[in-house]
Amino acid sequence: MKSMFALVDCNNFYVSCERVFNPKLSDRPVIVLSNNDGCAVARSEEAKAIGIKMGAPAFKIRHLINAHQVAVFSSNYALYGDMSRRVMQTLSRFTDQIEIYSIDEAFLDLSDFPQNTLADRGQQIAATVEQRTGIPVAIGIAPTKTLAKIASRLAKKSTIETRNRSRRVLKLATTPDIKEALKAVSINDIWGIGHQYAARLNKYGITSALALSRMDEQWIQKIMGINGVRVVQELRGIPCYLLENQPTPRKGVTVSQTFRTELDCFEDLKTAIAAYTSRGAEKLRAQGSAANMMLVFAASNRFRAHYTFHTATAHLPVPTNDTPELIHYANQCLREIHKPGILYKKAGIIFKDLVCESPIQTGLFDTRNRKRSRHLMQAVDTINSEMGRGTIKYAAAGLLSNQKWQPLSRQRSPAYTTNWNHLPMAS
DNA sequence: TCTGGGGTCCTAGGACCC
DNA sequence: TCTGGGGTCCTAGGACCC
C-alpha cells in the first residue's frame, strides 16, 4: 500500500481568526503582532503585498501601517486556541488518522482512501472547514510529509495567483508531477532546511529542491547530519516521518517573557519570576507532570551592547509541581544570577526532566506535607479554571496588574468564543 | 605508570519547527 | 522610545567505567 499524507494548513491563521468576527477586515491589510506588540507574526495577503515581512518589528513598519491603514491586532491566544480546536474537530470527522502538528496545521494519513478520490476528498475537507469555522485552508497531498508540505505551499501560491479557490488542493502523486514541483521550489522553502543549511547548500550550488533530492546521501550526512538524509529521502518519496496521532507528553515546560521596560530592581524581577513559575506549575499540573529540575534565566536587551544572559539550575529533591515549593527554588536560582546594575529585559523559567506526577515519591528527609499541598493546588486550579485565570494567585507573583514587567497588549480583540462578556453583538 | 578500545551518561550548543 | 514565545532533535565533548 502506497503511503499518502495530506497537510491541511490554515491560511494566515491569526489574521483569518480576526476576520471571522470582523468582516470589515476582508480585503484590508491586516497584521497580528507577537507578545508585547513586538513583531508581525501573521499577515494577510494584502499586508504581504505591501512589503510587511514575517517577524518585522512593529516600530520599523510604522510607516507602512500608517500609509496603507493596516489593521493591527495584539495576539489573542484565547481566540486562536479555540478556533484551532474547532478546525481540528472538523478535520477529525474525515479520519481518525490525524496528527495536530501546530496551532494551524494538521497531517492526515489518507493511505486507506482510494487514490483516485483523494483530490475530491481534499476539496470536500477544505470546503467543510471553511463552512464550519470560517477559516480558509490549503491542502497538499503527497506520499511523504515533506512533499505534502511542499504541495500545500504550492496550492496556496497558485490560489493567490489565479484567484481560483479550486486550486487550494494540490495532489502530487506521480513521479513527473513531483519532479515538476521540486523544480519550482527553492531550497529555503523545504521543511527541515533553515537559513543556515540553505546558505551552506547554496555555496555548493544547490538551490532547488530537485537538485537537493539528487544529492549523494553520504555527502548530505556530512553536511547536515541524519536529518538532512531524511529530508532527501522524503523528497524522493520515501517516508521517514510517520503520522504521530498519539499526543506525546511534553519533555519540558517553558514560561518566559520580554518586559515592557528594562528592570533594574531585584524585587520586580523576583515578582516576574514568581509569576512565570506559578504559570509553569499550572501547566505541569494540567498535563499531570512533575519536574525534577528547574532552570531560571535572565537577560539584558539583546539589541544593545553588553548583552548578558545568565542561567541557574536547581535539582529538586523530589519531583514536584507545587507552586510555593517551586517559587522557593526559583528565588534561590535568581539570587545566584542576579547582578546589580544590569538592566534586565527578559527572563523566564524552564522545567525539565518531567515525570508523571503520581504516585508521589517522597525523599527520606522530605518534610513537606505533599498530600495537603496537592489538595491545595487542585483547589486553586479548579477555581481558576471556573472563574478565570488569575482569580487566585500567589502574592509573590504580584497582585497588581500593569506592572513594569507585564507585557504590552494595546489592540487585543475580544475573546469572542471563550468569554460570555465578549460575545459579538448583532446590531 | 603507561597502554588502548569501547561503552554510558550528561551537558551545552546548534540547528530546526510553528 | 519600540525587536515574541514555546518547543524538538542531534551532535560533540567531557567524565567516568571496565
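Because the structure is a prediction, the values reported are computed rather than measured. Convention: sequence-line order gives letters A, B, ...; per-chain numbering from 1.
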Mind checking whether A:Glu105 and A:Val8 have side chains closer than 4.5 Å, heavy atoms only?
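Side-chain contact under 4.5 Å: no.
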Tell me, please, the opening and closing nucleotides of DNA chain C, 5' to 3', among those with an atom under 4.0 angstrom from a non-hydrogen atom of chain A.
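Answer, 5' to 3': C:dC2 to C:dT11.
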Option from A:Tyr416, A:Tyr14, A:Phe21 for which side-chain contact (heavy atoms from CB on, under 4.5 Å) with A:Met83 holds:
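One option only clears the test, and that one is A:Phe21.
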What nucleic acid atoms does [X] come within less than 4.0 Å of, heavy atoms only: base, sugar-phosphate, or nothing?
X	result
A:Leu408	nothing
A:Ile190	sugar-phosphate
A:Lys352	nothing

Let me check something: any side-chain donor-acceptor pairs from residues 128-139 of chain A under 3.5 Å, sequence neighbours excluded? List them with distances.
{"unit_1": "A:Thr128", "atom_1": "OG1", "unit_2": "A:Gln124", "atom_2": "O", "d": "2.6"}
{"unit_1": "A:Glu130", "atom_1": "OE1", "unit_2": "A:Arg165", "atom_2": "NH1", "d": "3.3"}
{"unit_1": "A:Glu130", "atom_1": "OE1", "unit_2": "A:Arg168", "atom_2": "NH1", "d": "3.2"}
{"unit_1": "A:Glu130", "atom_1": "OE2", "unit_2": "A:Arg165", "atom_2": "NH1", "d": "3.2"}
{"unit_1": "A:Thr133", "atom_1": "OG1", "unit_2": "A:Val129", "atom_2": "O", "d": "2.6"}
{"unit_1": "A:Thr133", "atom_1": "OG1", "unit_2": "A:Ile135", "atom_2": "N", "d": "3.1"}

Let's see if you get this right: which residues in residues 29-67 of chain A place a heavy atom under 4.0 Å from DNA chain B?
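Of all residues in residues 29-67 of chain A, none places a heavy atom under 4.0 Å from DNA chain B.
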Is the shortest distance from a Lys or Arg side-chain nitrogen in A:Arg167 or A:Glu161 to a carboxylate oxygen in the other one below 4.0 Å?
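The answer is no: the pair does not qualify as a salt bridge.
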Show me, pair by pair, the donor-acceptor contacts under 3.5 angstrom made by side chains of residues 197-207 of chain A, not counting sequence neighbours?
{"unit_1": "A:Arg200", "atom_1": "NH1", "unit_2": "A:Ile223", "atom_2": "O", "d": "2.9"}
{"unit_1": "A:Asn202", "atom_1": "ND2", "unit_2": "A:Ala198", "atom_2": "O", "d": "3.1"}

Scan side-chain atoms only and decide if A:Asp322 and A:Thr320 contain a donor-acceptor pair under the 3.5 Å cut-off.
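Result is no, nothing qualifies.
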With the threshold set at under 4.0 Å for non-hydrogen atoms, list the residues of residues 301-313 of chain A touching DNA chain C in residue-number order.
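Here the set is A:Arg302, A:Phe303, A:Arg304.
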Is the distance from the ring center of A:Tyr344 to that of A:Phe259 below 6.0 Å?
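Between A:Phe259 and A:Tyr344, which both carry aromatic rings, the centre distance is not below 6.0 Å.
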Convert the base pairs of DNA chain C into dot-bracket notation, remembering that pairs crossing earlier ones are written with [ ] and that bases paired across to another strand are shown as |; include only Watson-Crick or G-U pairs under 3.5 Å.
....||||||||||||||
